[in-house]
Protein chains: 2
Amino acid sequence: MARTAYHHGDLYQQAHEQALAIVREQGDSAISLRALARQIGVSTPALYRHYADRESLLAELAISGFQTLRQHLLAVDQQDSRSALIGIGLAYVAFAREEPNLYRLMFGGRVLPRGAHPRLDQAGLAAFQVLEDTVANGQQRGYLKAAPLALLTAAAWSLVHGLSQLTIDGHLPGHDNEPQLAAGITALLLDGSIERSNKEPTP
Amino acid sequence: MARTAYHHGDLYQQAHEQALAIVREQGDSAISLRALARQIGVSTPALYRHYADRESLLAELAISGFQTLRQHLLAVDQQDSRSALIGIGLAYVAFAREEPNLYRLMFGGRVLPRGAHPRLDQAGLAAFQVLEDTVANGQQRGYLKAAPLALLTAAAWSLVHGLSQLTIDGHLPGHDNEPQLAAGITALLLDGSIERSNKEPTP
DNA sequence: ATGCAATGTTAACGGCGTTAACTTCAGCAA
DNA sequence: TTGCTGAAGTTAACGCCGTTAACATTGCAT
């Protein structure tokens with residue numbers, strides 16, 4: 001479709017890009033369809049030709065976020081199991097720190113009830129899958145315990161997700177040397193927190 | 001102040017209670033000052049005599065939430081270090097599951113930028129303190145490693161917070177037997193995830 | 001060339017948070 | 001007792017917002 005004065009021709013893309021920029025800079029609550037249309041130079045209802053409503057637009061942005069996160073996780077070196085697991089954790093938290101507003105949109109839960117946007121669920125699952133694959137890999141190599149995969153994966157994901165959330169919301173005081181904290185925490189999950197000179201590991 | 005037809009006399013309390021009920025049932029995005037005032041039977045600007053704006057009202061609700069969470073955590077039996085730590089984790093996740101909407105308000109980060117409401121920050125810290133005390137206790141009893149307290153505490157909090165968030169947002173498939181999952185994950189953080197017949201614990 | 005479907009437009013509805021300006025009333029000082 | 005004051009309520013209004021209905025333009029396939 002060519003671009004005339006009337007038919008914009010690239011509205012979906014432009015709306016997506018500019019909305020993404022706003023979310024990244026100011027958070028999803030700053031997204032207003034009227035302001036967005038104004039900024040693009042188009043009437044507000046025109047946006048409804050491409051997005052069912054405000055939430056659907058936000059869902060698309062969240063999908064972008066999950067895809068980016070997945071790429072970051074895929075880039076982690078998988079040679080050594082231990083460094084792969086720690087590396088995934090670091091990459092995960094680093095993404096959240098680089099894109100806090102996008103991360104909040106992706107995991108806010110407030111805006112997007114699960115199940116309402118299947119493609120969003122799928123994108124989240126795809127990112128999660130990278131983590132699960134890494135855990136499964138570590139298990140197959142005999143590095144990780146033979147505990148249920150779902151349990152190990154849930155633990156890993158909970159840890160990095162919780163740390164990300166607490167970090168970007170400023171709940172953890174003195175978060176200056178962040179990567180070190182993330183690495184230390186991940187190591188704790190691997191090695192355990194109990195003092196082994198006093199207690200035996202659970203059988 | 002007595003209650004006449006004009007002066008309501010109990011508006012602050014009523015607004016707090018009814019708003020809390022709405023948040024618990026429908027989430028904070030369902031809070032509208034106009035609707036709330038209508039429901040109470042008062043004009044909208046009357047609310048502004050007691051709350052600076054919508055966000056301040058939400059902040060008060062979040063404070064309530066943190067206080068409740070703190071009470072739940074304080075009720076955990078502290079006799080045995082291990083069961084105290086696991087118990088705290090279970091209580092934490094249980095609270096999130098019982099009050100998902102309130103929990104999202106407390107930790108959403110979207111609504112309430114840290115530092116804007118000092119009393120809210122303080123309430124969050126007080127809840128966090130219970131967890132930190134439990135960890136410190138476990139350390140003093142020699143049950144936990146002598147790692148930096150901040151590190152151990154951050155790990156514990158990240159884990160339970162992440163699990164809570166993922167659980168209430170439905171990111172973890174097959175979350176039927178939830179307490180079991182939470183207990184298993186907490187145990188993983190205590191005992192470690194690596195297979196010790198193959199690898200030595202990190203020195 | 002024509003008709004259709006996609007993609008725009010304007011106009012309007014009802015809701016929202018917030019503020020300004022005014023009113024009522026409880027409690028206290030003279 | 002009277003009169004004042006300040007807290008706590010009121011109405012009216014501003015400017016946003018998401019969304020829908022009804023209509024206009026246009027590219028493309030027939």
Side-chain angles (χ1 to χ4, degrees), chain A residues 1-23 25-62 101 105 108 110-113 116-117, chain B residues 1-23 25-62 101 105 108 110-113 116-117:
Chain A
M1 164 152 306
R3 45 180 67 215
T4 74
Y6 196 90
H7 280 13
H8 182 286
D10 195 29
L11 184 51
Y12 182 93
Q13 265 296 331
Q14 283 228 17
H16 187 101
E17 288 171 14
Q18 305 216 19
L20 185 56
I22 294 174
V23 165
E25 290 160 16
Q26 317 184 60
D28 55 87
S29 68
I31 289 286
S32 140
L33 295 186
R34 295 184 101 116
L36 182 61
R38 218 178 298 136
Q39 181 175 316
I40 298 179
V42 88
S43 74
T44 310
L47 291 174
Y48 285 82
R49 297 291 170 189
H50 303 277
Y51 301 95
D53 49 20
R54 184 177 179 276
E55 276 219 343
S56 298
L57 170 59
L58 292 179
E60 294 299 326
L61 303 182
N101 288 324
L105 170 63
R110 204 191 321 267
V111 188
L112 309 155
H117 297 266
Chain B
M1 164 151 307
R3 45 180 65 212
T4 73
Y6 195 93
H7 279 14
H8 182 286
D10 195 29
L11 184 50
Y12 181 93
Q13 266 295 331
Q14 283 228 17
H16 186 102
E17 287 170 16
Q18 306 216 20
L20 185 56
I22 294 174
V23 164
E25 291 160 16
Q26 318 185 59
D28 55 87
S29 67
I31 288 287
S32 141
L33 295 187
R34 296 184 101 116
L36 181 60
R38 218 177 297 137
Q39 180 174 317
I40 297 178
V42 88
S43 75
T44 310
L47 291 173
Y48 285 84
R49 295 290 168 189
H50 304 278
Y51 301 93
D53 50 21
R54 185 177 179 277
E55 276 220 343
S56 297
L57 169 59
L58 292 179
E60 294 300 326
L61 303 183
N101 288 323
L105 170 62
R110 207 194 318 268
V111 187
L112 309 155
H117 296 266

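A/Leu33 places its CG atom 5 Å from the P atom of D/dG18, with the value rounded to the nearest Å. Atom CG in B/Asp28 sits roughly 13 Å away from atom P in C/dG17 (whole-Å rounding). Whole-Å rounding puts the B/Glu55 CD to C/dT18 C1' distance at 14 Å. Rounded to an integer number of Å, the gap from A/Arg34 CZ to C/dT10 P is 12 Å. As a whole-Å value, the separation of A/Leu36 CG from D/dC16 P is 16 Å. The distance from atom CG of A/Asp53 to atom P of D/dC17 is 17 Å, rounded to the nearest whole Å. Separating the CG atom of B/Leu47 from the C1' atom of D/dT10 is a distance of 13 Å, rounded to the nearest angstrom. Note: CG (A/Leu11) to P (D/dT26) measures 16 Å, nearest angstrom.
Which of D/dT10, C/dT10, D/dG18 sits closest to the side chain of A/Tyr48 comes down to D/dG18. Among the nucleotides C/dA12, C/dG8, D/dT10, the one closest to the side chain of A/Val42 is C/dG8. Each of D/dG18, C/dT18, D/dT10 was ranked by its minimum atom distance to the side chain of B/Arg54; first place goes to C/dT18. When each of D/dT10, C/dT18, C/dC16 is scored by its nearest atom to the side-chain atoms of B/Ala46, the top-ranked nucleotide is D/dT10. The side chain of B/Pro45 lies closest to D/dA12 when the candidates are C/dT9, C/dA12, D/dA12.
The shortest distance between side-chain heavy atoms of A/Leu57 and A/Leu47 does not fall below 4.5 Å. The shortest distance between side-chain heavy atoms of B/Arg49 and B/Tyr12 does not fall below 4.5 Å. The side-chain heavy atoms of B/His16 and B/His50, taken from C-beta on, include no pair separated by under 4.5 Å.
OP1 or OP2 of D/dG9 sits under 4.0 Å from a side-chain N or O of B/His50. Put simply, A/Arg38 has no side-chain N or O that comes within less than 4.0 Å of OP1 or OP2 on D/dC16.
The residue B/Ile31 sits close only to the backbone: its heavy atoms come under 4.0 Å of sugar-phosphate atoms, none of a base. Contacts of A/Ser32 with the nucleic acid, taken as non-hydrogen atoms under 4.0 Å apart, involve only primed sugar atoms and P, OP1 or OP2. Residue B/Arg49 is in base contact, counting any heavy-atom pair closer than 4.0 Å across all strands shown.
For the atom pair CD1 (B/Ile22) and CD1 (B/Ile31), the distance works out to 4.5 Å, reported to the nearest 0.5 Å.
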Name the atoms and distances for all side-chain donor-acceptor pairs under 3.5 Å in residues 35-43 of chain B, with sequence neighbours left out.
{"unit_1": "B/Gln39", "atom_1": "NE2", "unit_2": "B/Gln18", "atom_2": "OE1", "d": "2.4"}

